[in-house]
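This report concerns only the one structure given below.
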Amino acid sequence: MERALVCTNPKKRKLVISDDDGDIGIRRVSRFKVLLPNGTSVELTVRSAENEMHVGDFVGLVREKYLELKRKCEWMKKKRDINWKGSGLYIEDADNNKITNVIDFKNFMPRKCHILRLNDGSSEVAHIFENMWDLTPDPDLLLELPEEYNFEAAIADLIDNALQAVWFNEKNNRKLVRVNVTDAKISIFDNGSGMDDSDENSLVKWGKMGASIHRLSKSTAIGGKPPYLKPCFGMFGYGGPVASMHLGRRTRVSSKTKHVKKVYVLLLQREALLSRSHSEVTWKTNGGIREPLKDEISNSDGSFTKVDILEPKVKGVDINKLQCHLKDIYFPYIQNDDLSAKGKTITPIEFQINGVDLTEIQGGEVATTNLHSCNGPEFVLQLRLSIKDDHDGTRGFHEANARLRFVYFPFTEGKESIERVLEKLTADGYIIRENFQNFSRVSIRRLGRLLPDARWTFLPFMDFRSKRVNSSRASILKRCSLRVKCFVETDAGFKPTQSKTDLAHHNHFTVALKNLGSKVSDKETAAVFVEISTGAKMLTLAQLEKEYQEWVINMHNQYDEEADATAEDNPVIIVSPPNKKALGISKEVARVHQILKRKEKSWTHGQRIKVLKGACPGISNNVYATIEYFLLEGFEGDPGGEARIICRPIDIPDEKGSFLSGNEEDPTLNVGSSLSIPITVIDTEKLVAVGSVEWENRLNKIQQKSPVGSVEWENPLNKIQQKSPACFDTPIPNHYKRQQVGVVDSVSKSCDKRVTGKPSHCPEKYKLLTDDQSPELDVRAGSNFPPLAIACYDIHGNRAPFKTIADVAIQLQAAENLYFKVHGMKIGLSTDNMILKIMDAMVTSNELDKIRPSYRTTLIITSKQIPLSLTFPCRVFPGYPRHVVLKPEIREDQLLPGFIFKELMLEVFDTYRNHVSEGMEVDIVVAGFEMLNHCSTSYKVDDKGKINLTGLLKLTAGYGEIASISVVFQNTSIFQQEFSIAGRSLRIASKVPDFCAAGGQLENIEFEIVNIDGEVDTKIHHDDQNCQFHMLTIKSDFFSAEESIRYTFKHGRCTIPSICVPEIEGTFSFEACHTQYSRLCQDVEVEVIKMSNVKDVTQLPPDMNILPPQELTPLDHEDNLMVSILNNDEKELGKILRLGEKIKQVEECLEVCSKQKDEIEKDMLMLQDDVQHYHLDYVDSGFTYTKEEMTTKIRSMENSAASVLCSLTTDKKQHKIFLEDIIGVVALLGSVQSPELSKILAEYLGQEKMLGVICKSFNTAISLEKYKQNGEIDYVHALHAEAADLGKAISKRFFVMSFDDIRPHNGSWHDNDSQRKLFLPDPKMPNGRTPVGFMGYAVNMIDLDTHHLQIKTTSGYGLRETVLFSLFKKLHVYKTRENMVDALPCIEEGAVSLDGGIIRENGTLSLGYGNPCICFPCTNKLDISPEAREILTKIEGKKEALLRIEKNIEKVTKHHKKYLQKFKEKEKKYNNLMDTMKTEVFPKYPLVD
């Protein structure tokens, strides 16, 4: 579509502006993006047959485009107006060249978009421009966005861009990637080639999905030499915008190239882009142009890119863990041996995280893994993979390369090296879900970048877990294969997942790599040809397996220390045993021991053990056994070797176990029916010692499973009787032993005895059977106890059966007199009557809060039938969340849109009204509310059973709407409360006339916002500081939206000074609407009629009635004043005319005063300009105030308590008693060294605190003011009475501090310091250095007066550690704003700078400019020349004159208002006249123009 612009000047050519560039036949097409001074921008395509254009014509094109967009976009109507016809109008290009006359199109390349800036001469110039960049993505890319994205993956995506940018810097240039992470901002800086506004290197490509500069460079990174360090990571083209939107709400990208002077800025807002992605075809975002900063210049070689993530979603990032994680990801780019020809370790890229170089970081998975690996030779393979069928002819899709490095982690010092790696990572705070068995033994890097989720267990040829063990070699391979890890390094031929954390699972090359060595054919790998080589040698799969196994065996023999155990007895050496396979050894020499120390624990011959299921091949169930021997390969001191444990299972008799045979010179170890297991089962804790009770229980079970009479039992006492006393040192009582008894006496024949042992019928004790691993029982209120088992023992310690089901009582003792009852229990016996079972016992108590947080109790089990009394430690936890209480209750007066709840708690209870235990997680779902600073719905209960929502919940519902809060636990709602926001309506408080004169004005129209009872809601009050925005807009078809003005509400009311009435007769309608709540609106209609003026009225016949204007315009009463003519009353007409003359005189007086005020202000500006030549930075304080001068200034103030106190101090005799307990005013406690410091500290505190009164005690403080019985202030007593005696009045609240009650600073102060300045250590940046520009703490920069230094509290504390520390805390003082912003990581309680910057606590800023009139006295007076002093004196004189004129204007304005009020008193007469003229005048005298 084209629009022809017809110029009013006939000498100017006709121009055409077009939205597209599809026309042909036009010689030159120029594209521009014009940045406008009000923060907006327009895109312009200009077609011209000539090479030049006048600036005025060009601006006209821009204006037309701007107005067209403004009509369509509501947000543009809120921007300030542009002065299109100002004399200061000019255009500026990207190189700061001003264009004021003619635009030469030859200076701008055609078909390229150039950025220009329009300046209209206003001092209000924008630096950020809305919709500056078009980030509309390719639609198909929106389907490729990664579904899962975490913090580390997102920040790594941004570092990928930075790394790729710096990699291609010139050889000798610095390559820097710098990352800074704080709670307020995340910043990624690189000194790469940068971006600008050019089409080929546009900043848009960073933020536009699918437009990445590096997206198509993947093919250049296929092939080459390992480790394939060429960071062409770009695959999908959305890393930058998606990662930044995941990390925070707002992103600012600043970039500069070497050939441009300016820095181009792109701004992304997460919510804006997400909302537009559903509603608009295009994504446009804001941007800007600025000068480079000092640190950007110093850290770059003329080009750079900096990405700032503002309002990060993740807070409290562990910087050390982040440093270690990023070092793992980019390790080859940080430390590398392959890139150096001499094999030295070099640093290809300089990585800095929060000021720390990553080469200095100790820790991380990669570094820890390398530290514990073997120093022996690695097994290295080179793979080349290719697709047999060339589908599309492009190399990047049919070839891939990889290097595989296999590293051995030996068994040393009684432990697996991999276990040491896992223990070290756990100790460093990593969440490790792997153990030695499932440890990921394959890790992958793509182009040198670690893929953290690519954690494979084994490659097929590495895996021996399921292979059959038929030889000692196979046993060694099965065990030692778990000690190998493969490090895979791939080129760009392998495709990653969208989040770049793993290889693409279904990619042909990924599947082929994962199946390397597999004997099973796969359809996906059938088309992939794999070449395997080691060095220059090509390998088949069979050769690969053989060489790999030889390497594993060799590494085991050289580096494993499995046999490294401390033997505590003399060995028996066996040589060339014939039964090596049965023994489980392979060497020709072995040592046999009976006592061995392993892992700081001794194991001995005859010790009872339990080998746990899966401890080693062949152990499919738990095996109870007795240790017989320990077998160690080789001579003592030999490297490597096997170590075995020979043990006899519990069901194997002694004579069928192992034994030593032969003579001393040639002994032999016969295994018999015993087992040979590797000694490493001790290291893996798969072998544990067994106590007597468990051993006997196991024997009992074996007895029960055996047929009756087939098990032979021996009582140890009978055995003692059959053997000679010399065979036993002591008898072994109270044990059943399963034994084949066959004792050979020296004289008698062999004799077999069968003995059946029975327990005694006299029970000795009862015991609660529990798992030894659980020292106490855990139960939750409302849930059943685990089944309880009680055993009975006789006097010999043998298990005895229960005769009957005993009546058992259970209770829980929590404290001396606090018991919990247990309900619903069921009691029964086992089938063999050996165990008394207690089931379904449940505790229900509402007193668990008395024993939190430990919840420890004692379980007491008693019985009246049998002598049973057992105790056992127990913990009773509260039940699951079932009830929620909101405290304090939300009041009706808090239900205001935008209200943030300063105090709010959710108390969470279980079914029995106990507070739930700490850490219990619930979901909070809100509607009509917003959760601030919380990106998840999940909340955890604190140690008091509460969820603190203080300062987090904001009401967003509008008036008359519903808001709700719900609490959900395990998908079940346990709490829901709705709140009705009270309805409000807008009404007109003042009466609007039915008729109004054309061209007149409606004045002082007052609107009110009322509740449903018709009462004005005084809480509707506009307050920028508290983010309460209440404004009224007047809209009408008779004036444009640009003429609409916003008026503020004050305590529920808004007054419109005047509304211009159109010159046209008819109905004039307008709409009054609240700017934020559209439901609050009111339509107003007024009939407009033409009326005669005053002069014409006085000449009309006396019997004629004329309709006057309904409202009078006060600016021109001489010509436009219309009066009421009722019954031709000439006397009333004279009064009105005289009143008009008075108004005219008052207005003329106001005009004279205004001109005088303008002249004085102009003179002051000239004087201030003159004084700047003397380099005085504080013209407003020509003479720095001394304490006396500041006291005089405070005394002259009105309506102030401080003014009254300063006045009282001048008459010490009369008021001494009253003042003796008042220390003084905050502003007069001491002095500072410079006016800049005085001003900024006063501005930080604010005038209320600067005028604060300091009393010695709380009683003195409250005695300053007395109250009547109804609560009103009693103005005839206390300080108000003193003020009345001085002719003053205290009409405002005033700030009072009780000196003795202020909590003091607990630290010490500097020794030998008369000022007793507090000892506060200098702040430290993350790099350990004090921030640049730090001048000190504000609390120490005020020098207290001598007499104030002597004032102490009853505890001995002074004013500095009480009053000043209470006011300033640890407020930092810096030289400049730049110093202050750089020091943000170490600022905790606020900071100020001498050039006016203020940062308060919790990230709150104070922007703008302040000029406090009450400051601290300044002791450092500057040496001012006489000429400068004379100018400053004149300025002070002008200020006094200006003050007098302003008072005169105020006085005259009051008179003006009084006269105008009299016109309103005529309103009734005017309305009566209107009613009369409707019926009588209009028919007789029709109105004409």
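Quantities reported herein were computed from a predicted structural model and do not represent experimental measurements. Hydrogens, waters and symmetry mates play no part in the numbers below; they use all other heavy atoms, side chains included.
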Test ring pair (Phe, Tyr, Trp, His ring centres under 6.0 Å) applied to [X] - qualifying residues, sequence neighbours left out:
X: Phe406; value: Phe379, Phe461, Tyr548
X: Tyr629; value: His605
X: Phe458; value: none

Backbone N/O of [Y] and side chain of [X]: donor-acceptor pair under 3.5 Å:
X: Gln382; Y: Ile532; value: no
X: Trp551; Y: Pro377; value: yes
X: Asn554; Y: Glu550; value: no
X: Thr412; Y: Asp560; value: no
X: Asn579; Y: Leu669; value: yes
X: Ser443; Y: Phe487; value: no
X: Lys610; Y: Leu687; value: no
X: Lys478; Y: Arg465; value: yes
X: Asp453; Y: Asp502; value: no
X: Arg479; Y: Thr680; value: no

TODO: Please report the C-alpha distance between Gln543 and Lys537 in whole Å, then the side-chain angles of each, then the deciding distance to 0.1 Å, and finally whether the side chain to side chain donor-acceptor pair (under 3.5 Å) criterion is met.
DONE: CA-CA 11 Å; Gln543 292 172 330; Lys537 179 182 177 182; over 6 Å; no
TODO: Test Leu596 against Leu632 for side-chain contact (heavy atoms from CB on, under 4.5 Å), laying out the working first.
DONE: CA-CA 10 Å; Leu596 196 72; Leu632 308 180; 4.2 Å; yes
Open item on the list: Looking only at side-chain N and O atoms, does Arg433 offer a donor or acceptor that is under 3.5 Å from a partner on Asn438?
Closed with: no
Taking side chain to side chain donor-acceptor pair (under 3.5 Å) as the definition, give me every residue that meets it alongside [X], ordered by chain and number, with sequence neighbours left out.
X: Arg644; answer: Ser676
X: Glu423; answer: Lys415
X: Asn435; answer: none

- [ ] Calculate, to the nearest 0.5 Å, the distance between atoms CZ and OG belonging to Arg648 and Ser674 respectively.
- [x] 6.5 Å
Applying salt bridge (charged side-chain N to carboxylate O under 4.0 Å, His left out), can you list everything that pairs with [X], at least two apart in sequence or on another chain?
X: Asp569; result: none
X: Arg455; result: Glu365, Glu434
X: Lys601; result: none
X: Arg405; result: Glu378, Glu489

Task: Cationic N near anionic O, under 4.0 Å, Lys580 to Glu588 - done: yes
Open item on the list: Quick check: do Cys647 and Ile677 have side-chain heavy atoms less than 4.5 Å from each other?
Closed with: yes
TODO: Could you tell me which residues satisfy side-chain contact (heavy atoms from CB on, under 4.5 Å) with Ala367, sequence neighbours excluded, listed by chain and number?
DONE: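 By the side-chain contact (heavy atoms from CB on, under 4.5 Å) rule, Ala367 matches no residue at all.
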TODO: Under the side-chain contact (heavy atoms from CB on, under 4.5 Å) rule, collect the residues that match up with His325, sequence neighbours excluded.
DONE: Glu152, Ile329
Open item on the list: side-chain contact (heavy atoms from CB on, under 4.5 Å), that's the test. Do Val589 and Glu633 meet it? Break it down for me.
Closed with: CA-CA 6 Å; Val589 178; Glu633 277 190 337; over 6 Å; no
